[in-house]
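Numbering of ligands and ligand atoms starts at 1, following listing order. Throughout, numbering of the chain's residues begins at 1 and tracks the sequence.
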Amino acid sequence: MDNIKSYVLQHKDRFINELIELLKIPSVSADTAYCQDVIDTADAVKVSLEKAGCDHVEICETAGYPIVYGEKIIDPSLPTVLVYGHYDVQPPDPIELWTSPPFEPVIKKTEIHPEGAIFARGACDDKGQMYMHVKAFEYMIQSNTLPCNVKFMIEGEEEVGSVNLKTFVENNVEKLKNDVILISDTGMISNQQPSITTGLRGLSYVEVEVTGPNRDLHSGLYGGAVANPINILAKMIASLHDENNHITIPGFYDNVEELSLEERAEMAKAPFNLENYKKALDLNDIYGEKGYVTNERNSIRPTLDVNGIWGGYTGEGAKTVIASKAFAKISMRLVPNQEWEHITKLFTKHFTSLAPAGVTVKVKPHHGGQGYVTPIDSIGYKAANMAYTETFGVPAIPVRSGGSIPIVALFEKELKSKTILMGFGLDSDAIHSPNEHFGIFNYLKGIETIPLFYKYFVELSK
Ligand code: BES
Ligand code: MN
Ligand code: MN
């Protein structure tokens, strides 16, 4: 396998240009204005899998955006790796904060990426990371070193909750049968210190609506005499955390997995520099739940955050008005053993009970999913660690991430196999933010590391 390095070196420019072409298509799944672009991206992914060497590729229609499925079965008695990724991306807004247009990819050098990074929406999450697998597969085909069977399942609705993927998986258990699921849609500690994601948080996402008077009112004529939905909503939201930043919803923590002091001490060994963390975000201090450090607050602890809040007049100048309605979008990140639909119910019950007389409250559940933790003694984890050790020169550290890929827990339930999260992004890559980028180093290192995972997984499976 020594020549994966030279293959990458030789085809580097083409690999970058192909990714750039894919990034030019604005596959924003959340916004129907981009509908045709999302569909075009699925077609482009299909073509790339065919060119790379899949025997069979199809576009699987769903009630939403299609799933691209591809496979190369070399011998049914050999293990099968199922690669999952997503070709949809987050909306680019606020667009004015991008230093170059989000769908006109450019390579720029940064402090962390001195060899350059591709700036575009989806560069890291997840087109760049997904495409590493296509190119790693191309190499294994070209060099005749593919050691097992491969299946690809690339979806177009991850950023909007993978609602239709659930049905697809449930209806295609036999087709998707595999020995391990491989995903690159997470990050690692740094370009010097690889890590393997061993946990993902669950999610419950809701939208709330507080209604006061039946129309917007003059804030002088009515102010003080009727409930102002925006004031009330702010108060209700503020009461969802106590002075220790604990969440106040009754029953919220009931099933939360408590880690032992040993496990927490193990977690604390992962390199982390608080001063750099604050500096990277221009913060004068950190903030969070009492009794836990930053790396615990954003991984093993559940949270509640307002993602957006609106109502009333937000245009230029001042308008004296009491709005009829106020709204907020709220997400709760959950940890293992918290059941997301149960948490949604607890939230709804509590939030509704907070409403004073004078307003009415509606809670609309959006999507959600279960968290995930994976052991580090599985063949898959070991193979991934061996692969990283070989390409980075140091072993990977297991890290529980704060992000969510809800479909991972469903894969385990339906397909009965473990997922290995081999991420190559960095926190500073600004996924979901303006100026998202993916390091050229990371992209090429990913392509170099993935074939080694296949090699060691098959060896360890014997
Ligand atoms: N790739 C991310 C999740 C992620 C990123 C996990 C980095 C760990 C490290 C994924 O595309 C994502 O954004 N997921 C959403 C959830 C989804 C239901 C919209 C999230 O975490 O907000
Ligand atoms: Mn992603
Ligand atoms: Mn994402």
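Within the cation-pi definition used here (under 6.0 Å to the ring centroid, within 45° of the axis), K445 does not qualify as a partner of F424. The cationic group of K72 does not satisfy the cation-pi geometry with F137, failing either the under 6.0 Å distance to the six-membered ring centre or the 45° limit from the ring axis.
Residue-ligand proximity: T197 is placed with every non-hydrogen atom at 4.0 Å or more from ligand 1. Residue contacts with ligand 1 include D125, since one or more of its heavy atoms lies under 4.0 Å from the ligand. Taking a 4.0 Å cut-off on heavy atoms, Q90 fails to register as neighbouring ligand 1.
The salt bridge (Lys or Arg N to Asp or Glu O under 4.0 Å) pairs that include a residue from residues 15-34 are R14-E18, E18-K135, E21-K24, where partners are two or more places apart or lie in different chains. Under the salt bridge (Lys or Arg N to Asp or Glu O under 4.0 Å) criterion, the residue pairs touching residues 423-441 are R121-E436, with sequence neighbours excluded.
Other residues, nucleotides and ligands contribute only 12 or fewer heavy atoms inside 6.0 Å of the NZ atom of K177.
The Mn ion (ligand 3) has D125 OD2, E159 OE1, E159 OE2, H432 NE2 as protein N, O or S atoms under 2.8 Å away.
The heavy atom nearest to atom 21 (O) of ligand 1, considering only R333, R201, E158, is found in R333.
Every residue meeting the ring-ring contact (aromatic ring centres under 6.0 Å, His included) condition with H246, not counting sequence neighbours, appears here in chain and number order: Y253.
Ligand 1 has a nitrogen or oxygen under 3.5 angstrom from a nitrogen or oxygen of D185.
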